*Asks:* 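Structure in structure tokens, see below.
Worth knowing before you read on, the calculation uses all heavy atoms, side chains too, and leaves out hydrogens, waters and symmetry mates. Predicted model only: the values in this text are computed from it and were never measured.
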Protein chains: 2
Amino acid sequence: MKFDSVTIKDIAKALNLSTSTVSRALRGSYEISPETKKLVLEYAEKINYRPNPIALSLKERRTRAIGIVVSEIANNYFSQAINGIESIAYNRGYHVIITQSHESQEREKVNVQHLASRGVDGLLVSLSSESEEIPYLTELHEKGLPIVFFDRITNEIDTHKVVANNYLGAYHATEHLIYQDFKKIAHITSSPHLSITKERLEGYKDALAKHKIPFDENLVKYCHRGGMISQEVEDALTTLFKGKVKPDAIFTASDRLTTVCFGLLKRMKMKRADVGFTGFTNTQLGDLFSPPLTVIRQPAFEIGQTAIELLIQIIESKRPVTHFETRQLETSLIIRESSMKK
Amino acid sequence: MKFDSVTIKDIAKALNLSTSTVSRALRGSYEISPETKKLVLEYAEKINYRPNPIALSLKERRTRAIGIVVSEIANNYFSQAINGIESIAYNRGYHVIITQSHESQEREKVNVQHLASRGVDGLLVSLSSESEEIPYLTELHEKGLPIVFFDRITNEIDTHKVVANNYLGAYHATEHLIYQDFKKIAHITSSPHLSITKERLEGYKDALAKHKIPFDENLVKYCHRGGMISQEVEDALTTLFKGKVKPDAIFTASDRLTTVCFGLLKRMKMKRADVGFTGFTNTQLGDLFSPPLTVIRQPAFEIGQTAIELLIQIIESKRPVTHFETRQLETSLIIRESSMKK
DNA sequence: CTGAAAGCGCTAACAT
DNA sequence: ATGTTAGCGCTTTCAG
């Protein structure tokens, strides 16, 4: 605490000891006599001594804090992932600093650099939709800062990564729509360079191919800000429904896209009733919607847990970690009315 | 950056200057010759020097970081408030550290103490539903740590506070239900000792009184964990509908309570169709629901902005602030179908 | 077993 | 205009 709180020095003075003795006693060094130790400990307790973590960080070059960089906390996927992260971190004695990029690369960079310079012991990051080149991260990684990516990952950096099985999630969702007898399935997704975008697009394509439905690239719309700006989703929808091939179903690729798109569809009154709909989202409110929403749900909490576990593993490993893995967790398709053919 | 990054010392050595000269040059002190200044600045730029904020904090006893304590970020109200806070903080050069209490007082205490010991310049807090006595906060406040409360505030501490006009919000919501001709309006709310609970209850009561509807305390149900545990809401509903006086409408008092309760109502199939419903919530998804939800919306973003502005004001004021204010922002009632009498 | 002293990166009072 | 030194709170050699 910064407001004239008690320091090791105060204890030393009061007990007529040196600061080093006090320090050692406090951390239970074996070279301190039991009596002195007891004396110090009791006095420290009595005056409610708390070591100053800032001084500690300066000295030890570690903070027991880990930084999180996500695009938006107002996103069910991320808030659940963060809860997963915290659930482990706190038990392991780490504190967590959450930052948001709001899908802006500039903001992401600022956050990353701030966290790094604040001395976090490691970083958990899901890239912004604008991020393609990420020198600010590679640089840090090369300097030895432990980083684990989750959700939106990158090939630029060789480290642990944790993702949902986006390919299969998309595949099953698409196939489900096909089984419902939809033929013109549009796919509304985020920035084309994002890992999740590519994986989900692959799943979508492969499901179509499997069922001999030709892939039509006019049915795929990219929202570069991931739906942060509702206008881009509206434009996508307008173009789709004005196009030669009108979609009879829509499959959205991210949390925000799903809710924004579903809302717009309703508002635009584009014969919503007979447009099949499903999308990736972690909202728990899907069955309150009208019609109830068929969703692809990611195990966000578990993804967060896995990511922080891997990160702590790197942080606490004695020797540099060289073998990295990419963990993949399965999604689940929750079928409700919105994807049913009328 | 902690990984052998360049320090002021390196610059000094390279340029054959003393560290103090470098330090002064870097912060543009007038007592440094333009040439030296230029030299230093250019070299610093070249080798990409970044001051170490940890060392800075230790020295200056300030961090330009402010701590936020809320119950849940997976709550539309709080995530919007946090966005408001960030929008101002970043422009003013402050970073923001977000923590969650998950409605647990113990966790709240740990977070507060951690933030304080990490040396945040100030605290923005919305209390957990368990928090009544808050010695860990009063203590800090007495030591001079700037604190601003928002949403769930307390009388224990004399400082700036920012809230929605909960009384009027509840009053209007209740009155709206009355106008729809509902007579037995139940109120499902959080912990009785929370400021928001009291204010909203008052509004509810006064609206009833105004319209000569007798207040029936059996129609008021408290969920002590604020709906964190869905069971407590289910119990509340069960009791209500098994009671002598069955409610014909329900008015919920918080974001989580609103969505959980609305969902349960649907699932429990308790003739949901003719139960009027409205509640406090900041979800933007209300009109996607079935039926579309009538909600009381708080200006969360603006509340966040106001809170951080007041906090920064305290932090940066030269002399101790002694006059404190409680700012109140108006809510808005968004009327949709759920509150309509069939 | 305990103490003195150096140092983490930086700033600022105090020389010069 | 620039350098020297002390100190923020703590740990950790190095000496006794």
*Asks:* With heavy atoms under 4.0 Å as the rule, sort B:Ile54 into base, sugar-phosphate or nothing.
*Replies:*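 Touches nothing.
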*Asks:* Take atom CD1 of B:Ile11 and atom P of C:dC10, then tell me their distance rounded to the nearest Å.
*Replies:*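 Distance check: B:Ile11 CD1 to C:dC10 P gives 8 Å.
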*Asks:* Pairs under 3.5 angstrom, nitrogen or oxygen only, protein versus nucleotides 10-14 of chain D, please.
*Replies:*
unit_1, atom_1, unit_2, atom_2, d
D:dC10, OP1, A:Tyr49, OH, 2.7
D:dC10, OP1, A:Asn52, N, 3.0
D:dC10, OP2, A:Ile8, N, 2.7
D:dT11, OP1, A:Arg27, NE, 3.0
D:dT11, OP1, A:Arg27, NH2, 2.3
D:dT11, OP2, A:Ser23, OG, 2.8
D:dT11, O2, A:Lys59, NZ, 3.1
D:dT13, O4, A:Arg24, NH1, 3.4

*Asks:* Rounded to whole Å, how long is the line connecting atom CG of B:Leu58 with atom P of C:dT11?
*Replies:*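 One finds 12 Å between P of C:dT11 and CG of B:Leu58, rounded.
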*Asks:* What's the NZ-C1' distance between A:Lys13 and D:dG9, to the nearest Å?
*Replies:*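 Taking NZ of A:Lys13 and C1' of D:dG9, I get 13 Å after rounding.
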*Asks:* In whole angstrom, give the distance that lies between atom CG of B:Asn16 and atom P of D:dT4.
*Replies:*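 In whole Å, D:dT4 P and B:Asn16 CG are 11 Å from each other.
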*Asks:* Quick one: closest heavy-atom pair of A:Thr7 and A:Asp10, and the distance?
*Replies:*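 Answer, listing the atom of A:Thr7 first, then A:Asp10: N-OD2, 2.8 Å.
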*Asks:* Distance from B:Ile315 atom CD1 to B:Ile308 atom CD1, nearest 0.5 Å?
*Replies:*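 So the CD1 of B:Ile315 and the CD1 of B:Ile308 are separated by 6.5 Å.
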*Asks:* With sequence neighbours excluded, give me every ring pair (Phe, Tyr, Trp, His ring centres under 6.0 Å) pair touching residues 90-130 of chain A.
*Replies:*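 Non-adjacent pairs meeting ring pair (Phe, Tyr, Trp, His ring centres under 6.0 Å): A:Tyr90-A:His95, A:His95-B:His114, A:His114-B:His95.
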*Asks:* Judged by modelled atom types alone, do B:Glu156 and B:Thr138 share a side-chain donor-acceptor pair under 3.5 Å?
*Replies:*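 There is no such pair (donor and acceptor under 3.5 Å, judged by atom type) between the side chains of B:Glu156 and B:Thr138.
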*Asks:* Using a distance-only test with no angle check, is there a side-chain donor-acceptor pair under 3.5 angstrom linking B:Ser57 and A:Arg118?
*Replies:*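 Judged by distance alone, the side chains do pair up.
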*Asks:* Whole-Å distance between C:dG7 P and A:Arg61 CZ?
*Replies:*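 Rounded to the whole Å, the gap is 14 Å.
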*Asks:* Excluding sequence neighbours, so at least two apart, what forms side chain to side chain donor-acceptor pair (under 3.5 Å) with A:Gln105?
*Replies:*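 Partners of A:Gln105 by the side chain to side chain donor-acceptor pair (under 3.5 Å) criterion, ordered by chain and then number, come out as A:Tyr136.
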*Asks:* Is there a side-chain contact between A:Ser33 and the phosphate of C:dT2, meaning an N or O under 4.0 Å from OP1 or OP2?
*Replies:*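 For C:dT2, OP1 or OP2 has a side-chain N or O of A:Ser33 closer than 4.0 Å.
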*Asks:* With a non-hydrogen cut-off below 4.0 angstrom, is B:Thr36 in contact with a base, only sugar-phosphate, or nothing?
*Replies:*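 Sugar-phosphate only.
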